[in-house]
Amino acid sequence: MSTVLVVNSGSSSFKYQLIDMDTEQMLATGLVERIGEASGRSVHTIPWDAVPSVERSNAPQTTERILPIPDHTAGFRVMLEAFETHGPSLSRHPLGAVGHRVVHGGKRFFEATVVTNLVKINIEELAELAPLHNPANLQGIEAAQRAFPDVPHVAVFDTAFHQTLPPAAYSYAIDAKLAAKHRLRKYGFHGTSHKFVSEEAAKFLYRPLGELNQIVLHLGNGASVSAIEGGRSVETSMGLTPLEGLVMGTRSGDLDPAVLIHLHRRAGMSFDDLDTLLNRKSGILGMAGVGDMRDLQERSDAGDEVAAAAFDVYTHRIKGYIGNYMAQLGRVDVISFTAGVGENSPEVRAAALSGLEAFGIRLSDERNEERSRDPRRISTDDSEVDVLVVPTNEELEIARQTLAVL
Ligand code: AMP
C-alpha cells in the first residue's frame, strides 16, 4: 500500500491529508468548510517538496475555491476535483486506505478498527458521550465511503490509547450504579498525539519505549497531559469529555463541581448556559479576554496584570499535574512538550518547570529558546529527567495506525 488519506471530519467541514506511507511524506493537505451554507470553501495545498522539480515553475502550491457545498458527499467530490486538477493524481498515487479520526470510542474501542456496519452503529451509539463530534465523524466516514467505495476505511479513536488506564485512575468517586448506567468514567482524549509523541521521544533518545516512564504535555488550544509507563497510558487529565484537566484556550479544565450547582442556584444559569460558559468562555479567554496564548503573552509582556495572572494559573495547573504524575509513575525518564503552545512557547515551558530542580528536572535556558521543527532536548546534560520538545503529527499517527490494522 503506498498512500493513505487521513480525514478529520466536523459537522460543517473536514480536513484531509494524503500521506505516502513508504516515505511518510505528506503529498497534499486540504480543507473543505462551510458545508451546508450558502457558499462553501475548499483549500487544497501541495507542499513544495512534494511537487516534482520539473513541474515546479507552474505548480501553484495552494488553490482555493468558493462554491456551494450542500453536504459532505459533495465536499468529497470537490476534494476529488482538487486532486485531479492540482495533483497529486489519485490514479498515479492509488489510495491504499482512508483513515478517519473519531473522537469517542467509549470503552469498546481500544485500538484502530476497520469500519464495518457494526462499527458505524457503535460510533453512532457513542454519540451520547460526544454529541458534537461522533455524528460529524460518522458523516465524514459515510461520505468518504461513497467517494472511495473500493478501499478499506479505518476508524482511529482519540480515546483508544487511554483504554489502558487502571480503574483507580479512570473511576469517578460517585454512586457506582449511576456511573455504570451512564458510562461515567474518565476516557481521556488526544490519544493519537500522546501515543505519537511518546514513541517519537523514545526514538529520539534511542531507548526502548518499553523501559521509559514518560509524561507528555499536549498544550494546544485544547490541552491534556498523560503519564505513560512502558508505552501504555496509565493516567491522563481529560475525563468523560475533553473539559477536565488543564486550563485551555476557552475551557476551564478542573474546577469544584459545586461551582455548577452554585451558579445554577444563585445566578439562575441553565445547564446549556453552564456548558457554554465552561467549554467556550472559560480558560485563558474567560480569565483574560483572549483565547490565544500568543495574545496572552503579548499582553502580559506589555504589563497587563490580568493577562499575567491568567498565564500563572495556566502554568501553575501544568506544574501540579507534573507533580501528580511523577508521584503516580514513581520515576520519570522524560517529559515532552507538544502542540501549538508546547512546541512554540519557551515561556510556558520555563514557567511550568521552574523550581523542579529538586525533582531532577533542569531546563537549559539556551536550548529552551531554540526554534526548530524537529524533536529536540531542552534540558541540561546533567538533568536526571530528559525534557524534550516533540512536534506532534496526529495525521501521520492516524495513517500509521490505519496501515497497522490492515
Ligand atoms: P494547536 O491547537 O496545537 O494548533 O495550538 C494552538 C495554540 O498554540 C494557540 O493558543 C496558539 O496561540 C498557540 N501558539 C502557536 N504559536 C505560538 C507561539 N509562538 N507562542 C505561544 N503560543 C503559540
Side-chain angles (χ1 to χ4, degrees), residues 6 8 10 13-17 26 29-31 33 43 45 101 103 132-133 158 161 188-198 200-201 216-226 236-238 241-243 245-253 279-302 304 306-308 310-318 336-354 363 365 367-376 378 388-398:
V6 176
N8 182 354
S13 68
F14 65 87
K15 292 187 234 166
Y16 59 87
Q17 230 180 67
M26 189 248 284
T29 180
L31 165 73
E33 63 179 356
V43 181
T45 300
R101 175 181 184 227
V103 166
L132 295 181
H133 294 108
D158 252 18
F161 181 59
F189 296 86
H190 291 146
T192 32
S193 180
H194 287 283
K195 182 173 190 295
F196 179 83
V197 169
S198 55
E200 292 299 301
V216 173
L217 292 149
H218 177 109
L219 310 177
N221 208 2
S224 66
V225 45
S226 62
T236 193
S237 59
M238 283 179 165
T241 75
L243 180 57
L246 299 176
V247 178
M248 308 178 214
T250 65
R251 284 173 250 168
S252 63
N279 277 303
R280 298 182 198 277
K281 295 186 176 172
S282 296
I284 59 173
L285 176 71
M287 288 187 288
V290 285
D292 191 295
M293 181 54 75
R294 278 167 295 203
D295 298 338
L296 188 79
Q297 287 186 211
E298 254 171 49
R299 290 198 186 186
S300 171
D301 291 346
D304 181 335
V306 174
F311 182 88
D312 290 346
V313 176
Y314 183 94
T315 53
H316 177 95
R317 183 82 53 88
I318 297 171
S336 299
F337 286 87
T338 194
V341 178
E343 291 168 30
N344 296 301
S345 176
E347 296 83 0
V348 165
R349 297 191 296 254
L353 299 182
S354 70
L363 202 62
D365 292 339
R367 290 177 183 169
N368 186 35
E369 290 293 334
E370 274 167 26
R371 299 209 161 264
S372 159
R373 300 183 74 178
D374 295 323
R376 56 199 184 272
I378 56 170
L388 310 181
V389 174
V390 180
T392 193
N393 189 339
E394 291 168 88
E395 290 77 13
L396 178 57
E397 179 60 34
I398 289 171

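Atoms within each ligand, like the ligands themselves, are counted from 1 in listed order.
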With sequence neighbours left out, the residues meeting side-chain hydrogen bond (donor to acceptor under 3.5 Å, both in side chains) with Thr45 are Thr62
Hey, which atoms in ligand 1 end up nearer than 4.0 Å to a heavy atom of [X]?
{"X": "Ser345", "value": "21 (C)"}
{"X": "Ala339", "value": "3 (O)"}
{"X": "Gly220", "value": "1 (P), 2 (O), 3 (O), 5 (O)"}

Among all protein heavy atoms, pick the one closest to [atom] and tell me residue, atom and distance.
{"atom": "atom 13 (C) of ligand 1", "result": "Val341 CG2, 3.6 Å"}
{"atom": "atom 18 (C) of ligand 1", "result": "Asn344 CB, 3.4 Å"}
{"atom": "atom 11 (C) of ligand 1", "result": "Asp292 OD1, 3.5 Å"}
{"atom": "atom 14 (N) of ligand 1", "result": "Gly340 O, 3.6 Å"}
{"atom": "atom 6 (C) of ligand 1", "result": "Asn221 N, 3.7 Å"}

Please evaluate residues Ser193 and Glu397 with respect to the criterion side chain to side chain donor-acceptor pair (under 3.5 Å), reporting the C-alpha separation (whole Å), side-chain torsions for both, the decisive distance (0.1 Å), and the verdict. CA-CA 8 Å; Ser193 180; Glu397 179 60 34; over 6 Å; no
Nearest 0.5 Å please: distance from the [atom1] atom of [X] over to the [atom2] atom of [Y].
{"X": "His218", "Y": "His194", "atom1": "NE2", "atom2": "NE2", "value": "6.5 Å"}
{"X": "Leu285", "Y": "Met287", "atom1": "CG", "atom2": "CE", "value": "9.5 Å"}
{"X": "Glu395", "Y": "Thr29", "atom1": "CD", "atom2": "OG1", "value": "7.0 Å"}

Answer yes if a protein heavy atom lies under 4.0 Å from atom 3 (O) of ligand 1, otherwise answer no. yes
What do you reckon, does Met293 have a nitrogen or oxygen under 3.5 Å from a nitrogen or oxygen of ligand 1? yes
Does some side-chain heavy atom of Leu363 sit less than 4.5 Å from a side-chain heavy atom of Ile378? yes
Table please: side-chain donor-acceptor pairs of residues 246-253 below 3.5 Å, with sequence neighbours left out.
{"unit_1": "Thr250", "atom_1": "OG1", "unit_2": "Asn279", "atom_2": "O", "d": "2.9"}
{"unit_1": "Arg251", "atom_1": "NH1", "unit_2": "Pro242", "atom_2": "O", "d": "2.8"}

